[in-house]
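All ligand and atom numbering here is 1-based and tracks the order in the structure.
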Amino acid sequence: MFIEVLLGLVIAGLIFILVQRSKTQVLKTEDGWWGVGAPPDDGEDLTIRPYRVSTSDKELEDLYMRIDQTRPIPSLEDSQFNYGFNSQYLQKVVSYWRNDFDWRRQVDKLNQYPHFKTNIEGIDVHYVHVKPKNLPEGTSTIPLIMVHGWPGSFYEFYGMIPLLTEPSDADDLVFEVVCPSIPGYGFSEAPQKKGFDSVCAARIFHKLMKRLGFQQFYAHGGDWGWLVTTNMAQMEPKIVKGLHLNFAPPSKPGLPMVLSIMLGRRFPKLFGFTDIDVKRLYPCMEKLVVETMKESGYMHIQATKPDTVGRGLNDSPVGLAAYIMEKFSTWTNHDFRNLEDGGLTRNFSLDDLLTNVMIYWTSGCIISSMRFYKENFGFDQPHAKMPVHVPTGYACFPNELMHTPKLWVEQKYRKLKTFTLMARGGHFAAMEEPQLMAQDLQNFTKAVERKK
Ligand SMILES: *[C@@H]1O[C@H](CO)[C@@H](O)[C@H](O)[C@H]1NC(C)=O
Ligand SMILES: *[C@@H]1O[C@H](CO)[C@@H](O)[C@H](O)[C@H]1NC(C)=O
């Protein structure tokens with residue numbers, strides 16, 4: 001009899017442990033206050049105010065004066081983009097910026113969609129909110145938040161927005177899109193206090209979506225947007241219906257990953273590596289390590305002393321443009337470092353690139369945008385170890401900074417629904433290949449919705 005009771009207890013205990021383990025872990029977070037000083041006693045201001053992008057004549061005169069005072073320095077012979085932004089080509093960009101670029105026209109383009117600001121945790125949060133214009137009776141829209149990264153902005157999504165809100169294919173889903181600026185980026189106010197990381201941004205965007213009345217929604221992100229939307233899914237797995245990403249570097253390299261790197265080349269099948277995985281991860285890890293060293297200096301600076309370099313960039317529009325646009329060259333295609341013009345206009349227009357730079361310049365946000373690296377480089381972040389239990393779609397672009405095999409994505413995102421090897425595109429895929437990205441987002445969302 002005693003044995004049977006004991007056995008019963010053991011089995012009950014095991015079941016309890018199993019149930020506990022299979023329960024979704026949720027990322028915990030506490031409200032913050034990022035405005036100047038202490039939070040006011042009379043509660044939060046919940047109002048939503050329309051916002052329009054605008055620049056005064058005085059600001060533009062100041063910009064042109066600074067551009068005119070730039071001090072060009074010749075690049076080394078035959079250096080192309082290997083020493084950073086090529087100085088000769090920079091002069092051409094600057095001349096275009098000064099003489100041909102029409103910021104007023106670009107401002108109209110930015111204002112073609114409705115912008116808003118609302119105060120959350122002491123910060124004015126800026127966002128674009130686009131609803132479909134002609135929604136057929138009885139059709140409901142699918143709410144979607146899209147989060148940008150560095151050195152990008154909400155503008156990265158301008159090519160995708162019409163494809164999602166006014167799709168031409170009758171079979172396509174109709175989305176209602178919210179593109180916020182991460183606090184400290186673009187027209188969102190910068191935190192005044194230390195410690196504003198991806199988890200804080202995720203919490204603030206949940207509050208934003210709640211304030212807009214969405215009970216459930218989808219989320220899309222690349223670069224920092226990947227981490228912010230991943231944290232959103234970890235925080236509220238029932239509210240985020242689906243997560244669509246085009247960037248997902250492994251946040252916590254575990255033993256399986258280390259083994260797969262070491263042995264995957266010899267035994268690809270053992271680790272579920274496809275031919276493409278092997279081709280993109282190897283031929284040589286040494287090359288990957290050297291490349292990473294060569295390309296990550298900016299990260300080290302921003303994660304340690306952002307305010308020092310940032311001050312120079314905040315004073316010099318030409319320096320700022322070089323710093324930001326260099327990334328749009330190399331992160332779109334590493335081979336573009338060997339071109340005199342960094343291949344910049346092969347995949348982007350100077351108008352679009354300079355519009356993104358102008359968002360940084362007119363808002364004066366470069367230092368606060370760089371600080372986000374410092375705040376996110378902790379070593380013991382709870383979310384790094386935590387799996388994600390929200391249906392996930394991964395768009396794997398061939399020129400992404402680092403190839404992430406399906407196996408690695410699945411280790412983190414336990415409900416990986418779609419994994420698409422995309423035909424073309426690099427790190428700024430939303431801006432470079434809006435059609436492909438919107439299509440993959442459509443395909444993923446349809447797969448999730450069908451399941452319901
Ligand atoms: C980007 O540039 C490369 C190289 O010129 C080209 O093969 C590719 O098709 C371009 N992509 C787009 C979207 O233009
Ligand atoms: C989306 O699905 C359609 C239909 O199955 C397919 O033709 C298309 O290639 C897919 N697009 C992407 C980007 O995955």
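Taking the centre of each ring, Tyr394 and Tyr413 stay at or above the 6.0 Å mark.
Within the structure, the ring pair (Phe, Tyr, Trp, His ring centres under 6.0 Å) test picks out the following pairs touching residues 220-260 (sequence neighbours left out): Phe157-His220, His220-His244, Trp224-Phe372, Trp224-Tyr373, Trp226-Phe247, His244-Phe444, Phe247-His427.
A side-chain donor-acceptor contact under 3.5 Å links Asp277 and Thr274.
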Short N or O separations between ligand 2 and the protein, below 3.5 Å:
from     : atom 1 : to     : atom 2 : distance (Å)
ligand 2 : 2 (O)  : Asn443 : OD1    : 3.1
ligand 2 : 2 (O)  : Asn443 : ND2    : 2.3
ligand 2 : 11 (N) : Gln439 : OE1    : 2.7
ligand 2 : 11 (N) : Asn443 : ND2    : 3.1
ligand 2 : 14 (O) : Asp440 : OD1    : 3.4
ligand 2 : 14 (O) : Asn443 : ND2    : 3.3

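Counting heavy atoms from C-beta on, the side chains of Phe205 and Val125 come closer than 4.5 Å. Proximity of Arg211 to Lys207: side-chain heavy atoms (C-beta onward) are nowhere separated by under 4.5 Å.
The structure places CG of Leu110 at 6.5 Å from OG1 of Thr355, a figure rounded to the nearest 0.5 Å.
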